[in-house]
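Note on naming: letters A, B, ... go to the chains in the order of the sequence lines (proteins, then strands), and numbering restarts at 1 for each one. Small disclaimer: the values here were computed from a predicted structure and weren't measured.
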Amino acid sequence: MIPRIDFTGAADGFSVRAVAVRAGQVPAECAAVSAAAGFSGEADTVCDVLGGAGRILLVGTGADPGVADYEAAGAAAASRALRSTELAIDVRGLREDAAVGCLTGALLRAWRYENLFSAPPEDAPRLARVVGITDDHGLELRWAEHAAVLEGVTFARDLVTEPSNTLTPEGFVARLHQLAAAGVEPKLLRGAALREAGLTGLLAVGGGSAHPPALAVLRWRGDGAAPTVAFVGKGITFDTGGICIKPAEDMWEMRADMAGAAACAGAMLALARRRSPAPAIAVLALAENATGAASYRPGDVLRHAGGTTIEVVDTDAEGRLVLADALGWVLREKPAAVIDLATLTGSVVTALGHEMAGLFSNDDVLAEAVMTAGKAVGEPVWQLPIDASHRDAISSEIADLRHCSPLRGQPDACHAAAFLREFVGAVPWVHLDIAGVESRAEASDRYAKGATGWGVRLLDRLVRDRFEGPGRA
Amino acid sequence: MLDVSFAAPALPASGALALLVREGAEPGGLWKAADEATGGAVGRAFAAAEFTGKEGQTCTLLAPGAGLSRVVAVGLGKDAPTERRLEDAGGALAAALSREPSAAVAADGLTGAQAMQVALGAALRAYRFDIYRTRIKPDEQAKFAALTVLTDAADAAATWPAQAALVRGVFVARDLASEPANVLTPVEMANRIEKLRELGLGVEVMKPARMAELGFGALLGVAQGSANEARMVIISWNGGEAGEKPVAFIGKGVTFDTGGISIKPAAGMEDMKWDMAGAAAVTGLMAALAGRRAAVNAVGLVGLVENMPSGTAQRPGDVVHSYSGQTVEVLNTDAEGRLVLADVLWYCQQKFDPKFMVDLATLTGAIIVALGHEHAGVFSNDDDLTGKLLAAGLATGEKLWRLPMGREYDKLLKSDIADMKNIAGRPGGSITAAQFLARFVNEKTWAHLDIAGTAWATKDQPVWPKGATGFGVRLLNRLVADHFEAG
């Protein structure tokens with residue numbers, strides 16, 4: 001959950017109040033205490049003042065702050081006020097995007113998942129309400145569209161956090177009622193419908209589990225007056241690795257292996273809640289990659305609906321198989337662009353660490369638009385290559401393709417992207433490998449620990465910038 | 001290296017002939033002459049082999065008559081051939097002609113620059129490193145030694161000497177990287193670099209005593225486990241205006257990397273003989289610049305050490321004082337390249353105040369996991385220099401891909417007891433290595449090339465046989481030629 005938000009014009013009467021301070025512009029009322037604490041408004045600094053009027057958090061933004069700095073300031077304030085039930089943030093005098101940044105940062109930082117505690121631990125965060133102190137009544141009126149995005153992010157984070165014994169493919173499907181309530185039209189393919197559609201990858205990957213796979217199709221019609229933008233998400237609700245089973249250490253983290261699907265669903269929720277004019281569709285490939293008597297095997301050859309034969313090398317490279325099916329399926333919608341999100345490879349973590357997602361594309365214009373959107377919302381992506389050697393690495397001796405290279409220490413993220421590219425035809429396509437950014441190992445001033453909901457804001461921003469309004473693609 | 005000469009287009013009376021064929025285009029004059037002289041054998045053979053001139057296609061015809069020992073056709077593809085494709089075609093013909101002591105290539109229909117490009121590709125591919133093979137059977141012996149380019153473009157011959165100098169530079173780098181580590185110790189490598197004085201290069205060799213005096217604690221910490229002494233070599237070429245700031249190139253020269261006390265697994269450790277490929281490339285580059293009398297002031301600095309486990313080796317947990325004054329906690333002795341580069345980079349900017357510094361290093365396995373073997377990684381604090389490097393990479397086929405840097409990555413180097421630690425874990429491993437180096441460039445314009453995936457080829461490629469590639473020499477020579485030479 002995240003705290004609810006209210007707005008007020010009155011600055012008094014709050015036990016905890018935060019103010020964003022630009023470098024060298026400490027408010028006069030706090031000058032003495034700031035000087036004593038050595039606080040001058042530099043970025044990443046906070047001055048915590050306890051006085052007669054309550055607690056005041058002065059949060060530095062640096063000299064020339066952008067929206068990201070204001071988000072960081074809001075987050076830093078919230079991270080220090082988590083044990084209070086209420087935090088007021090004084091955004092008077094800020095530009096609207098800066099004010100929104102402060103409040104957004106605070107709300108996202110205060111997110112937590114409490115559903116499974118019998119009783120919250122004593123030191124659990126209690127922040128339940130954020131109050132924006134503002135002179136601008138318009139801010140509250142316009143907040144609904146920001147709330148829509150925050151709801152989408154929260155929805156995705158909750159899904160990523162939920163354990164796999166309840167968040168099975170069916171469990172995931174059940175959670176989608178929240179989208180239906182918002183006006184998204186869900187459609188489900190299961191069992192015979194999957195076989196009929198030839199989604200052999202999804203059936204193979206999900207075959208070893210007692211919880212059968214499903215393809216969830218989420219449609220938002222928008223104003224219906226433009227081509228559809230399509231999102232495709234990897235939704236492996238738990239990934240044991242299958243027959244090529246993973247080591248036990250840290251295997252529990254694989255409950256987050258559906259973060260791509262969660263991000264797509266969250267983005268659809270955001271678009272619906274803010275009544276976006278852009279038609280959008282999300283295709284979620286939902287399966288559990290279990291080890292079972294009916295599991296698919298290394299060496300198996302699958303026939304993709306489009307006819308391409310695929311040799312399975314490693315059953316733990318399952319994501320690209322279910323994505324190939326979902327990508328192939330979505331082409332029938334003749335989308336203007338396809339963006340897929342997947343916690344796909346360890347290789348991308350070695351390449352880029354936990355600060356950026358990897359981007360692969362067949363279209364420079366779309367790639368640039370995605371990078372711009374990611375930068376704007378603090379979900380940065382970095383483009384990586386798909387070169388001839390990567391395509392060579394997925395040639396098979398006995399089939400049209402193999403889905404990964406059997407060698408270790410190779411650029412598997414690039415190989416996976418080369419594989420996916422085979423299934424998108426000529427449609428502008430971006431693949432985001434979000435392994436490494438779907439959750440954070442540690443809490444900080446800036447970020448909550450755990451699920452990030454990475455991708456929801458990026459997709460929402462991309463749609464807003466590129467697929468709404470007169471110049472839309 | 002391949003002896004390249006130029007002659008007017010005429011069918012040779014004997015020996016081998018290579019033909020370059022555009023797909024779907026009218027055959028050239030020499031093609032027709034060869035076909036006629038052999039009574040149509042050339043045309044019939046290529047038709048039978050379904051040779052159409054597709055890019056990368058080759059076809060060999062033995063003893064077709066007219067005194068010719070062999071005719072090789074190489075496809076150039078449909079469209080106007082690019083630099084890259086001409087070079088690759090040159091490489092392909094050299095591979096197909098390896099048993100011929102000499103051959104002629106029909107370059108009629110090509111411009112002088114294009115003909116030269118073919119010759120360059122052939123010369124690069126015809127490289128051999130067989131000094132340690134004492135019992136080569138005659139039928140395994142590669143013989144290709146001379147290529148005559150048949151062209152009437154007058155400028156081809158005139159531009160060749162500069163290209164030949166470049167090829168020699170590439171071969172200097174390949175030879176050094178190919179040498180085994182029992183032969184090529186730091187001292188031996190320094191000796192070989194000293195021989196390059198004959199090209200007009202200045203060479204200064206710095207020994208451990210002097211480095212200790214200066215305070216090269218990071219570099220010497222790596223070297224202290226080996227019986228082979230470290231060296232730093234400063235190579236200089238003053239072809240530019242007197243007093244003009246030089247451009248600077250810095251190479252990692254770990255002549256063998258066992259990993260030290262953080263020893264590597266045995267499998268594949270033999271590859272660590274080429275952990276000096278960065279230093280080899282810098283050496284080759286300087287040889288190329290001198291060989292073609294480049295109008296530039298350039299310095300090349302290489303840090304040469306051997307990383308061995310022993311009773312005197314540095315330990316994980318040791319803290320060293322680098323030449324910059326910054327302290328480094330060595331948490332993994334196998335992250336040694338950055339320690340060597342740290343002192344050499346700092347020395348370079350202090351001593352020479354260069355226009356920019358580019359370092360080359362086989363630095364991380366992570367770069368292979370990130371990019372593979374087709375692109376090397378480039379990291380930089382300067383967009384303009386990066387853009388020039390990327391363009392030079394595309395122009396020469398030594399391709400680069402930029403990877404990010406930033407404050408969030410830099411933070412991961414934080415040490416509990418020193419200014420920084422030398423590793424930051426697997427995630428973003430190549431990036432954190434670059435962040436480490438960035439702390440030693442003193443905010444100079446700088447780029448770092450991580451060439452661990454491109455310095456050595458496990459199979460033949462068009463313009464390099466399996467083995468040491470010399471990656472970086474052509475790239476940086478092009479960078480200098482396109483942007484930093486007067487006139």
- Task: If the plane angle is over 60° it's perpendicular, under 30° parallel, otherwise tilted; pick one for His375(B) and Trp401(B).
- Result: perpendicular
- Considering only heavy atoms, which portion of Asp412(A) lies under 4.5 Å from any heavy atom of chain B: side chain, backbone, both, or neither? backbone
- Task: Assess whether side-chain hydrogen bond (donor to acceptor under 3.5 Å, both in side chains) is satisfied between Ser361(A) and Asp363(A), documenting all intermediate values.
- Result: CA-CA 5 Å; Ser361(A) 181; Asp363(A) 187 275; 5.6 Å; no
- Message: At a heavy-atom distance under 4.5 Å, which candidate from Gly429(B), Ser430(B), Pro427(B), Pro404(B) has the highest pair count against chain A?
- Response: Pro404(B)
- Message: Between Ile431(B) and chain A, with a heavy-atom cut-off of 4.5 Å, which part of the residue counts as in contact: side chain, backbone, both or neither?
- Response: side chain
- Any idea which of Thr432(B), Ile368(B), Leu412(B) has the most non-hydrogen atom pairs under 4.5 angstrom with chain A? Ile368(B)
- Query: With respect to chain B, which residue among Pro385(A), Ala351(A), Gly353(A) yields the maximal number of heavy-atom pairs within a distance under 4.5 Å?
  - Reply: Pro385(A)
- Message: Shorter than 4.5 Å, heavy atoms on both sides: which option in Val349(A), Val348(A), Thr350(A) has the most such pairs with chain B?
- Response: Thr350(A)
- Message: Angle between ring planes, Trp456(B) versus Trp274(B), binned at 30° and 60°: parallel, tilted or perpendicular?
- Response: parallel
- Message: Heavy-atom pairs under 4.5 Å with chain B - which of Ala413(A), Cys414(A), Ala388(A) has more of them than the others?
- Response: Ala388(A)
- Query: In terms of the angle between their ring planes, are Trp446(B) and His448(B) parallel, tilted or perpendicular, with boundaries placed at 30° and 60°?
  - Reply: parallel
- Item | Which atoms of Ala393(A) approach chain B - backbone, side chain, both or neither, heavy atom under 4.5 Å | neither
- Partner of Asp410(B) under side chain to side chain contact (heavy atoms under 4.5 Å, CB included), picked from Met405(B), Met420(B), Arg439(B), is Arg439(B)
- Checking Arg85(B) side chain against Leu76(B) main chain: does a donor-acceptor pair fall under 3.5 Å? yes
